[in-house]
Every structure is written in C-alpha cells, then in structure tokens.
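Keep in mind the model is a prediction, meaning the values are calculated, not measured. For this chain, numbers begin at 1 and follow the sequence in order.
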Amino acid sequence: MTMGHVMLYTPADERVGPLTAISASITQEINGEYTCSVIALRQNVLHGSIIELKDANGKRQKFRVSCPEETLDHIRLEGEHITCDLREDMIVDRGWEDRPGSYVWPQLLQAGISETRFTGASNIETINSMKIVRKNILAAILGSADNSFLNRFGGEMQRDNYQVNMLQRLGSDRGYRVQYRVNLTGLEVYEDASEIVNRVIPTCLNDVDGVVRLPEIYIDSTRIAQTPIPHVRHIHFGDIRVGVEDDDGIVQYPTLASAYTEMRNRVQALYTSGADMPQVGAVVRFVDLSKTDQYADYADLLDLELGDTVRADYDGRTVTQRMVAYSWDAIRQEYSNITLGFVQPSEAALLARYSTVVQQETHESVRNGMIRPLVKNINELNESVVNAVGMFATRFVNPDGSVRIYYHDQPVLENSQIIEYYPEPGSRVWTDQGWQGGSPAWQYGYSNRGLLVMRLIATVGLNAEWVWVSENENLATHL
C-alpha cells in the first residue's frame, strides 16, 4: 500500500504537523468544483481544519475540511479549496460603472466586510457594469445571477491558495495526445443536448418602447432538423430601439428594417457560437507517460494543465477538446482521469448579455420616470391613503411633470426592506429585499388585468422566462 504525508493546519491556518494518508485525491473543474478527499490513519482533526496537498501543477494547495469522519483506525476528510472561504464574507453594497474586468476583479476580491487575504489579477479588458448588494464574494464571482462577474465579464478562474486570478482562458494547445493501446486505457464519449437552442423568437423596441417582433416571428437554425422537436427560446434585444439616439447622440437603428436586420444577425451569431449544437465531451482514463522511464525525455510535453487542449485517439476517431476537469491522485502524483469538453455556460448565461441589456434599460426606465401620464392620478390617490396602512411614501418628480411614488416600511426609502411601486393603474410590484442603491429587485407583482406574477420578476428586469406571461398579457411593456 502506497502512503504519503498530508500537512495539517488548525482552522486558523497554523501548522500542526503531518497526517499519514492512505489515499488522497483532488478534483477540479473550470469555474466549478475544487475539492479533495483524504483517508488517513486516525488522528484528531477539528472541523474547519486545513489540509495541504500537492496538486497537478506541483503546487501545495490548501483545503478547508468539513465534518471529519472517524473509524477505529482511519479518518476520512472531505475538503473544499481555501477559496471557499470567500463564501463566508459578504459584499454589502458595491458597484462598478463601465469598467474593464481587469479593473473590477482585484477590487471585487477585497470588497467584503473583513476578508482581505485573497488577492489577484485579471487580463479581461471587456467593459461592463455590475452592482453587488448583500451577496457573498464567491457568489458575486461565480454565481448564476446575471450580475455575477462571470456573467458580466466572462473568464476562467485560476486558484492558487490565496492568489486568485481571473483569466480569459486557462491552459493552451501544446499538442497533448492520448492514444488507445499506448497510454489510453479508457474513453467514454458523451453528448449533452439539454441546452440546445435552435429556434429563436427575437424581439426589440420601437420608438415608444413597445415590443416589436420580426415579420417571420422566429428564426430557425440550419441544424434544426437534427433534433426530434424544435428547441424554442425567446430573446429580447432591449438595446435595439428604433429611432432612438444612443448616449453618443447616434441613431443606430433609424428604421424597422435596420432593427430587423440586426436581430437576424444576432440570432445567426448565436447559432454560429454553437448554441444549436449538443456539447460533446469525454472522460479519459490513461497512463501518464511522463512518469515512466521510457518516455522520461518527453515529460515537458506531457505536463497537462487544466484548460489545455487534448486529442484522444480511439477506435478510428479523434476527440479534440479542452480538459475542463480532472481527478488527481495526490499521493502517486498522477491523473486518475480527465474530462474533455466545452467550457460553455448554461442557456441562461448564454443569453445573459441580452437579458442584462434589458434589465439595465428597465432600471433606467424606473429611475427616469418613463411611465405613462395616467400613473400620476393613481399615485396621488395612493399617497393620500398610504399613512392609513402604516407605510411611508417617497415622491420623485419626472422631467415631464409626472410623479413616481414608492411606498416603504421605514421613514427613509434607502433604509427600507419592504418597498411597493405602481407602474400604472391596476399594476403593482413589490419586494422585501430593500432599495439596493436605486435598483430594487422586484420579486412579486400583478398586471393591470390582475395577472399575478411571482418569482419570475427579477432585478427589475425582463427575462425570457416571463416576458410573455400569457398569450394576451405582456407585463414587460408596463414596467
């Protein structure tokens, strides 16, 4: 039995001494799991202790242990990479406006209440805006919400203890190849068709913010016949507005025809990016020839890293993909298996660029008072009775003379948790998540036809899940 030593630290990261490990493995995936599993001879290990293992890059990485399990002779330790500590601190309220990812990233790592151990850099120059309110740091980085760093700027996280970088891409193509009957011992090829989109219904806005559809309604992928049934999604391109000047005073889409052309081009670009194709990957088990005497001279060529491109030759075919995950034997210092596939976000993340644009526009609409004049009368009425139900009111006068009124549970709007707003007569939205710097996340609402909408309203925005709330009702046009 091969044994090795694993260094043990207290929960405060003070060195204790070595554990004698019977087995130790590390699993890591791009922007995902980074964990370890260790079985060692029995020794007292506290919950929250830190263990240190040598990873696939030859560096000693720290993992935070949770719930050690003891038997008469052994102890089993499951741990998450030390970057999981970012989950325990919270960003109260922090925003960045029109900044590159390389500027935002190091500040984001330090934006919590007390966590200052983690530093890093980014080479992402994409410019975007993001605002984080009462969210833990790790969720602000990798969370599924549209305003996470990953969804706003993209990137792949490089984790090295307390040094955390966000790069455009991990790894490279250095000609790594695994071959059947040479160093390939197993290959399982798989396809994932769960996130295919091959029929898109695009919409944009006219000069009075009405929703516009294409004359042909939807656009099919050229590969639509490759699935038993069409996979239909609605995408609202809120930044395409007919006859409206942008911030530079330029009318990008002067006519409906120009808006139609842009929508068609964007949908085709989505298909070109592979949204209409299944994800193809493989789990590869192989012998690392760099650990054998016969191939010692080729060790540098066979140093495989997360994100590297790999070609797997098997049964007359070659699978060429990036290594997106691996399992590493930390005692033998060799790969147990690697996973090849796409680093492709979920459907929600694929469409995040467009839903983000819509949400930002809706934020502006609420802030700037782009609501119908009829709202003024009902707001005046509601203001006259609001104190009778124990709520407070804050009034904003718009440039056109109309009024926006928010009702809230505390005297000061910014300090309130429960906030209500009436976009137009008979419609209402409300939240218990607070003002959030002027961008409250409306959680519930109903339209002026009494249609109740719960859960499907998020961050004052529109998304494909609820833009068309019923065949005859489009709540999005009222916000």
Side-chain angles (χ1 to χ4, degrees), residues 30-32 83 86-87 89-113 115-160 162-172 237-241 245-250 252 262 265-266 269-270 272-273 306-307 322 342-346 348-364 367 436-439 459-461:
I30 295 177
N31 291 341
T83 47
L86 289 168
R87 192 171 51 221
D89 197 15
M90 180 170 288
I91 299 173
V92 178
D93 189 344
R94 184 67 185 274
W96 295 267
E97 192 77 22
D98 296 329
R99 293 288 189 173
S102 59
Y103 177 89
V104 174
W105 178 254
Q107 296 185 18
L108 181 63
L109 292 173
Q110 299 277 313
I113 297 173
E115 180 60 81
T116 59
R117 295 172 298 165
F118 296 90
T119 59
S122 173
N123 61 0
I124 298 173
E125 296 306 319
T126 299
I127 295 176
N128 212 328
S129 302
M130 67 181 293
K131 185 172 179 63
I132 304 298
V133 178
R134 293 188 297 276
K135 185 176 294 186
N136 76 67
I137 302 174
L138 196 59
I141 293 171
L142 298 176
S144 59
D146 73 279
N147 64 330
S148 70
F149 186 97
L150 184 61
N151 276 335
R152 289 299 175 98
F153 298 95
E156 297 176 0
M157 192 161 66
Q158 182 184 64
R159 295 169 274 194
D160 183 8
Y162 300 106
Q163 176 72 24
V164 188
N165 300 324
M166 183 63 87
L167 307 179
Q168 288 182 335
R169 172 194 160 128
L170 295 177
S172 60
F237 298 104
D239 63 319
I240 303 177
R241 302 173 68 190
E245 293 183 355
D246 61 19
D247 293 339
D248 298 323
I250 300 172
Q252 297 284 353
E262 179 66 11
N265 289 340
R266 292 194 188 183
L270 191 67
T272 300
S273 72
L306 192 65
R322 295 176 63 199
F342 289 111
V343 184
Q344 183 169 327
S346 66
L350 259 178
L351 308 182
R353 171 189 170 192
Y354 307 120
S355 62
T356 295
V357 169
V358 176
Q359 288 163 2
Q360 289 173 338
E361 287 202 347
T362 310
H363 287 313
E364 291 301 318
R367 282 198 292 265
Q436 298 195 19
S439 300
T459 45
V460 204

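In this structure, Glu115 contributes its side chain and Asp89 its backbone to no donor-acceptor pair below 3.5 Å. Checked by atom type and distance alone, the side chain of Asn123 pairs as donor or acceptor with a backbone atom of Gln168 at under 3.5 Å.
At a threshold of 4.5 Å between non-hydrogen side-chain atoms, the residues Val104 and Arg152 do not count as touching. Within the 4.5 Å cutoff, the side chain of Asp93 has heavy atoms near those of the Lys131 side chain. Annotation: side chain of Leu108 is not in contact with side chain of Met166 (no heavy-atom distance under 4.5 Å).
Taken from CD in Glu97 to CG in Asn128, the straight-line distance is 9.5 Å, to the nearest 0.5 Å. The CG atom of Leu142 sits 4.5 Å away from the CE atom of Met157 when rounded to the nearest 0.5 Å. Interatomic distance, Phe237 CZ to Glu262 CD, rounded to the nearest 0.5 Å: 8.5 Å. One distance of note links CD1 of Ile132 with CD1 of Ile137; it measures 10.5 Å at 0.5 Å rounding. Here CD1 of Ile127 is found 12.5 Å from OH of Tyr103. Values are rounded to the nearest 0.5 Å. With rounding to the nearest 0.5 Å, the separation of CD in Glu156 from CG in Leu306 is 8.0 Å.
Applying the side-chain hydrogen bond (donor to acceptor under 3.5 Å, both in side chains) test to Asn165 and every residue at least two apart in sequence or in another chain returns Gln158, Gln163. For Ser102, the side-chain hydrogen bond (donor to acceptor under 3.5 Å, both in side chains) partners are Glu125, not counting sequence neighbours. Under the side-chain hydrogen bond (donor to acceptor under 3.5 Å, both in side chains) criterion, Arg159 pairs with no residue, sequence neighbours left out.
Residues Leu150 and Asn31 come closest through the heavy atom pair CD1-ND2, 3.5 Å. Closest approach of Leu86 to Asn136, counting heavy atoms only: O-OD1, 4.1 Å. In this structure, Phe153 and Met130 approach most closely via the heavy-atom pair CE1-SD, 3.7 Å. Nearest heavy-atom pair across Trp105 and Ser122 is CB-CB, 3.7 Å. In plain terms, the two heavy atoms of Ala140 and Ile91 that are nearest each other are CB-CD1, 4.0 Å. Nearest heavy-atom pair, Val164 versus Leu109, reported as atom, atom and distance to 0.1 Å: O-CD1, 3.6 Å.
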Could you walk me through whether Arg94 and Gln107 pass the side-chain hydrogen bond (donor to acceptor under 3.5 Å, both in side chains) check? CA-CA 10 Å; Arg94 184 67 185 274; Gln107 296 185 18; 2.8 Å; yes

